[in-house]
Every structure is written in C-alpha cells, then in structure tokens.
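Naming: A, B, ... by sequence-line order, numbering from 1 per chain.
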2 protein chains.
Amino acid sequence: MSAWGSKSERVREHVLDLVETMAVGDRIPAERKLAEELDVSRMTLRGVIDDLVREGYLNRRHGSGSYVAEPKIAQPLTMTSFSDDMRLRGFVPSGRTLELVTVAAGARLARRLQVSPTEPVVRALRLRLADDVPMAIETLHVLAALVPGLTADDLEHSSFYDLLAARYGVQLGTGAQVIEPTVTSEEESARLGVPVHSPAFLFERTTRDSAGAVVEFVRSIYRGDRYQLTATLLAPKRRDQDRARSGPAPTIAESHS
Amino acid sequence: MSAWGSKSERVREHVLDLVETMAVGDRIPAERKLAEELDVSRMTLRGVIDDLVREGYLNRRHGSGSYVAEPKIAQPLTMTSFSDDMRLRGFVPSGRTLELVTVAAGARLARRLQVSPTEPVVRALRLRLADDVPMAIETLHVLAALVPGLTADDLEHSSFYDLLAARYGVQLGTGAQVIEPTVTSEEESARLGVPVHSPAFLFERTTRDSAGAVVEFVRSIYRGDRYQLTATLLAPKRRDQDRARSGPAPTIAESHS
DNA sequence: AAGTGGTCTAGACCACGGC
DNA sequence: CCGTGGTCTAGACCACTTT
C-alpha cells in the first residue's frame, strides 16, 4: 500500500466496491478467479484481502471461501471526526460551537503542540450531539496559522478532518489518544444534561500529519452513560517463553450502550 | 501463520531472537540476505517482518533498512493476565484472593458464560496489586467443571491464563472487553485505598478458547488515578469517498500514569 | 551507483471443507 | 473428490536512501 496508482490500490477499490454490493454473509469469488478477473496475481489479491480481513470487511474460512463480514456492532475507532463516527453508527451528528477564539498557546499547550508559547492557537469549544442528544464536549486546539479563516460555521457543518484535508491540504498521519475515567464537572454536567459527577471518559488526543508534525490537540469529555469502549483481544502469538516484549495489539472500538 | 512447524513460525522465532540480541535502533540484515541465511524466500521473510512491524518490534525505512523499534512506552494490551501485564511494565504484581466459592451460575451469569443457570461456577474475588499498591479489584467467573481443584493459592502464585494453559489444557482464543467509566463504591474504595466515588475503569471481559467456547467472564475495577488507556490511531486508508464502513482499527494499550 | 525496502508475478504444493 | 484458502518459491522490476 502506498503509491496511488498501485495495482493493490486499484484492486482494493474493486473488491471494496464488490463487497458493498453484496449482502452480509455472501461469499466473494474465489481468489484464483477474482485475481484473474482483476488481472493480478493471486498473491497480490491475497495481500488486499488480508488487509480487508484485518479491517473487518471480510471473514475467511479455510477450505470454504471468503465472506462479507457482519458490520461490527462496535465499529473500530478510526481517526475520523466525531461527525463521521456518529454517522457510522447510524446517528445524526450535529454540533454547537460554544466558543471559537484565537489565543497564545501558553506553556502547557505549547508543549503539547510543540510550538512556541507565544504562537497563536485557535481554541474551539464544541458541544457534540448524536440525534440531538448531547454526547460529548470537545475542546480543540490547532495552530492558527494552519487553519486561516476557520469559522464556527465551518465546524458545525463539516468534519474538521475533512476540512483539514480539503481546504487546508493537511494529510493526517498517526495520533495518540490517552483515555482516563473521570466525572463531570458542574459546567460539563449542565451542558451534557447529566447529573453532576457522572462517570465520563476523558479523551486527550494528539494528532499528527503524515510528516509527523502535531496538527491538533483535543480534549473531550464523553458521557459514560451513553458511551463505552470495546476492545477486542487477540490470542497472542505463541512464543516459547515470555520475553520483555508483548504480542499483537488488540483492536479497540467505540460503541453506544 | 498457523501451523506450528510452518516455515514462517520458524523464521519468526529466529528474527525475534535476533531482535532481542540487538539494541534499539540497530538495523537488521537486509531482507535478501536474511532470507538466504534462513533459507526461505524473500516473500516469506517479508510476511514475517510485516507482522513484526505491525506488532511494534521493528520499523521499516524504505531504501534504508529495517530497524529495531523503541520499546513502546505504552505496551500493547495483550490477552495476558494482570500479572503478566504488570511485569511487562516493570511492576511486581501480587494478589490476594478475597473470596473463592463455587455457586450456581444464575440467570445473568449463565447468559454471559452460555451455560445452564444451574451450572456450578467458580467465583473468585481478587485484589490485584502492583508493587504492593492496590490497583484493581477483579471478579472472575469460570465454569467449575473447567478448573477442578483450583485453589486460592493457585490464583495468588501464578497467572490464571498460565494455569488454564498448563494445568487445564485450555488454549485461549479471542476475547471481548467492554470498558466503561465508573466511580468506586464504598467497598471498592476501601479495598483500593482511594476516596469513595473516585473515577475508575470498569472492565468486563469475556474470554473464549480457540474453539469459541466461553472460558471466563471477568469484571474488574481499575483505579483511575493510577491507570490509563492509550489508543494509537492510525491514518485511515484513503477511499475516494466515504462509505458505510470504516478504516483500519487502531491499537490500544494500557499504561500507568 | 549501490543497496535497501515495496510491489508484483506465475506458478507450486498443502490443508481444510463440503458434496 | 474437487474447490477453497494457506503457504511458499525464485525470480522481476520499481522507488527510495545513502554514499
């Protein structure tokens, strides 16, 4: 996976399109057949299918075939915005921008964003709703220089990550998110419509672009009565004895209760 | 990856051993060279290295080489027991079994374990400590028939998963873990040594064996002041337009604050 | 230019599932 | 039995990094 016009990319699109036209549980064509149809070697097709299986689109059954997977109840958490996440789960996302200001980063935030403390930073406070029910409060910090002309309206009507890509040409790389349990403050409780000191998740996310530069720092409070995390644990690959390192990483997913 | 004596398995062990003798940042031999040394094709070796990269042992640099990766600060969460997790992080794990009884499953638990409500079930209540500091309270449920002769002492001196494998011949498959934010009850607070209503994680884990049968149901309370979760988000694979499905799953890891 | 990983090929044989 | 996925091969050529 890398070059845009690579054979794998093209095959991936084809197979993904195919999967989307099929029903859950349907068997996709045999690898040898599909590879020939798409004019690639079987190994190339297998690489693509391997990815799709890993991503949860397909299941393999040795000796039987590859089948369109059940859409996960708990969708994997991707680096999408809240909006995309909610849509993925069948909710209508919306948001209200409670605050949108440009301020100097300050010491703490400057360290997070890896910039000078005097660097102008856009701080946006957003209430996030799913089906018009408050779900989370999000505080977004992003370099002002990176998003000239950003308005509250932008944030309410499109995914911030879409904006970053489409308008500002920022290609996202990896991100790290720390998750802690917390309880809501009075202000948070009022905004979320939950009792004070309700259990909640605190998410702190630092996102980088594909070059490794910090793009944003986001602090979110998710109400614990409507949000849960689901981790799928995989059996570790056997190793004759334990080492100082660990096995395969499990996946995590968000879901609603 | 599957058969025990497969070439990939053997190669994996070799490369993993090699990695462990090298320092972080060292470059491993070139693929062509290493493949020849291990008497496999380059493609086979690449498959193994792909896995190791995914698992965080190695980093690849196109045109340069593959390098021993920095041990992750936040180790990936594997299907290990609390004991192994703590050891992995440099703590000395210990535990006190507060209760070990055999009871009828009852309606709720029977559904979780997928057995009859009258089925005898071992319930163990354990206090988990890291460096002698209470870290979590764990309630373990497992079919009594699966673990004949299990004693409180067993649970204090060895990993339950090790026990399952070594003494009872249970091979673990996948597990699902739901994570919610909560606050500690008075009893939990007392046992963990934290103020009442402290933020905490509630973990509910259902583990299956390699055949898909439910092995255990575990409910754990982790104190939120000493435990946090870290999710590594991966950039989604590009798709010309958004579809009803999502991209690659991120990894999650536990770490201490 | 030389060396490295990235992609792809056109086969081969094995292991499992279902008819 | 046959069709399926699982593994593996011995190359080829491309793209990138380093010298």
Side-chain angles (χ1 to χ4, degrees), chain A residues 1-15 18-19 22 25-69 210-212 235 237-238 248, chain B residues 1-15 18-19 22 25-69 173 210-212 235 237-238:
Chain A
M1 89 211 39
S2 59
W4 178 77
S6 77
K7 225 151 184 174
S8 288
E9 284 285 327
R10 181 175 63 77
V11 170
R12 180 188 166 86
E13 298 303 309
H14 274 253
V15 176
L18 176 64
V19 164
M22 300 176 69
D26 284 358
R27 198 183 70 183
I28 68 172
E31 293 178 354
R32 291 167 180 79
K33 185 157 168 286
L34 195 49
E36 190 186 22
E37 281 177 20
L38 299 179
D39 192 36
V40 293
S41 77
R42 189 180 160 215
M43 283 299 280
T44 301
L45 174 64
R46 275 186 65 78
V48 170
I49 292 182
D50 282 347
D51 281 348
L52 296 181
V53 167
R54 236 190 311 275
E55 292 166 24
Y57 293 98
L58 294 171
N59 295 320
R60 285 188 139 132
R61 291 187 223 159
H62 191 172
S64 174
S66 294
Y67 300 80
V68 176
S210 50
K237 293 210 174 185
R238 271 163 273 106
Chain B
M1 75 197 72
S2 58
W4 176 77
S6 77
K7 223 150 183 172
S8 287
E9 283 285 329
R10 182 175 62 77
V11 169
R12 180 188 166 86
E13 297 303 309
H14 274 254
V15 177
L18 176 63
V19 164
M22 299 175 68
D26 283 359
R27 198 183 70 184
I28 69 172
E31 293 178 354
R32 291 167 179 82
K33 185 157 167 285
L34 195 49
E36 191 188 20
E37 281 177 18
L38 299 179
D39 193 35
V40 293
S41 77
R42 188 178 159 215
M43 284 299 280
T44 301
L45 174 64
R46 275 186 65 79
V48 170
I49 293 182
D50 282 347
D51 282 347
L52 296 181
V53 167
R54 236 189 311 277
E55 293 167 23
Y57 293 98
L58 294 172
N59 295 319
R60 283 189 141 131
R61 291 188 222 157
H62 190 173
S64 174
S66 294
Y67 299 80
V68 176
S210 50
K237 292 210 173 185
R238 267 164 274 105

J.: Could you report the tightest heavy-atom contact between A/Ala35 and A/Leu45, atom names first, then the distance?
T.: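 Distance-wise, the nearest heavy atoms are N-CD2, 3.5 Å.
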J.: Rounding to a whole Å, what distance do you find between A/Arg27:CZ and D/dT4:C1'?
T.: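 Taking CZ of A/Arg27 and C1' of D/dT4, I get 7 Å after rounding.
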J.: So which nucleotide from C/dT7, D/dT9, D/dG6 ends up closest to the side chain of B/Arg46?
T.: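 Among C/dT7, D/dT9, D/dG6, the one nearest the side chain of B/Arg46 is C/dT7.
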J.: Rounded to the nearest Å, what distance is computed from the CG atom of residue A/Asn59 to the P atom of nucleotide C/dG17?
T.: 15 Å
J.: Nearest whole Å is fine: how far is C/dG6 C1' from A/Asp51 CG?
T.: 14 Å
J.: What are the two closest heavy atoms between A/Arg12 and A/Leu52, and how far apart are they?
T.: NH1-CD2, 3.5 Å
J.: Send over the distance from A/Leu45 CG to D/dT4 P, rounded to a whole Å.
T.: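 Between P of D/dT4 and CG of A/Leu45: 13 Å.
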J.: Taking it one step at a time, do A/Lys33 and A/Glu37 satisfy side-chain contact (heavy atoms from CB on, under 4.5 Å)?
T.: CA-CA 6 Å; A/Lys33 185 157 168 286; A/Glu37 281 177 20; 3.2 Å; yes
J.: Applying side-chain contact (heavy atoms from CB on, under 4.5 Å), name anything that partners A/His14, two or more places apart in sequence or on another chain.
T.: A/Arg10, A/Leu38
J.: Measure the CG-CD1 distance between A/Leu18 and A/Ile28 for me, rounded to the nearest 0.5 Å.
T.: 6.5 Å
J.: Look at the side-chain N and O atoms of B/Thr44 and state whether any lies under 4.0 Å from the OP1 or OP2 oxygen of D/dT9.
T.: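 The answer is yes; a side-chain N or O of B/Thr44 sits under 4.0 Å from OP1 or OP2.
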J.: Between D/dT7 atom C1' and A/Ile49 atom CD1, what is the distance in whole Å?
T.: 15 Å
J.: Output the single nucleotide from D/dG5, C/dT4, C/dC8 whose closest atom is nearest the side chain of A/Ser66.
T.: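 Nearest to the side chain of A/Ser66 among the choices is D/dG5.
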J.: Of the residues in residues 33-40 of chain B, which ones touch DNA chain C at a heavy-atom distance under 4.0 Å?
T.: none
J.: A/Met43 has a side chain; which of D/dG5, D/dT7, C/dC8 sits nearest to it?
T.: D/dT7
J.: Measure from the side chain of B/Glu31, starting at C-beta and using heavy atoms only, and say which of D/dG6, C/dG6, C/dT9 lies closest.
T.: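 Nearest nucleotide to the side chain: C/dG6.
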J.: Which residues pass the salt bridge (Lys or Arg N to Asp or Glu O under 4.0 Å) test with B/Asp26, not counting sequence neighbours?
T.: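 B/Asp26 satisfies salt bridge (Lys or Arg N to Asp or Glu O under 4.0 Å) with no other residue.
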J.: Find the distance A/Arg12:CZ to C/dT7:C1' and express it as a whole number of Å.
T.: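 Value for this atom pair: 16 Å.
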J.: Applying side-chain hydrogen bond (donor to acceptor under 3.5 Å, both in side chains), can you list everything that pairs with A/Asn59, at least two apart in sequence or on another chain?
T.: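 A/Asn59 satisfies side-chain hydrogen bond (donor to acceptor under 3.5 Å, both in side chains) with no residue once adjacent residues are dropped.
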J.: Got a sec, which residues hit salt bridge (Lys or Arg N to Asp or Glu O under 4.0 Å) with A/Arg27, two or more places apart in sequence or on another chain?
T.: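 For A/Arg27 there are no salt bridge (Lys or Arg N to Asp or Glu O under 4.0 Å) partners, ignoring immediate neighbours.
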J.: Which parts of nucleotides 12-19 of chain D does protein reach within less than 4.0 Å, heavy atoms only, written one letter per nucleotide 5' to 3' as B for base, S for sugar-phosphate only and - for none?
T.: BB-BBB--
J.: Can you tell me how far P of D/dG3 sits from CD1 of A/Ile28, to the nearest Å?
T.: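 Rounding to the nearest Å, CD1 of A/Ile28 and P of D/dG3 are 18 Å apart.
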J.: Rounded at 0.5 Å granularity, tell me how far CD in A/Glu31 sits from CD1 in A/Ile49.
T.: 4.5 Å
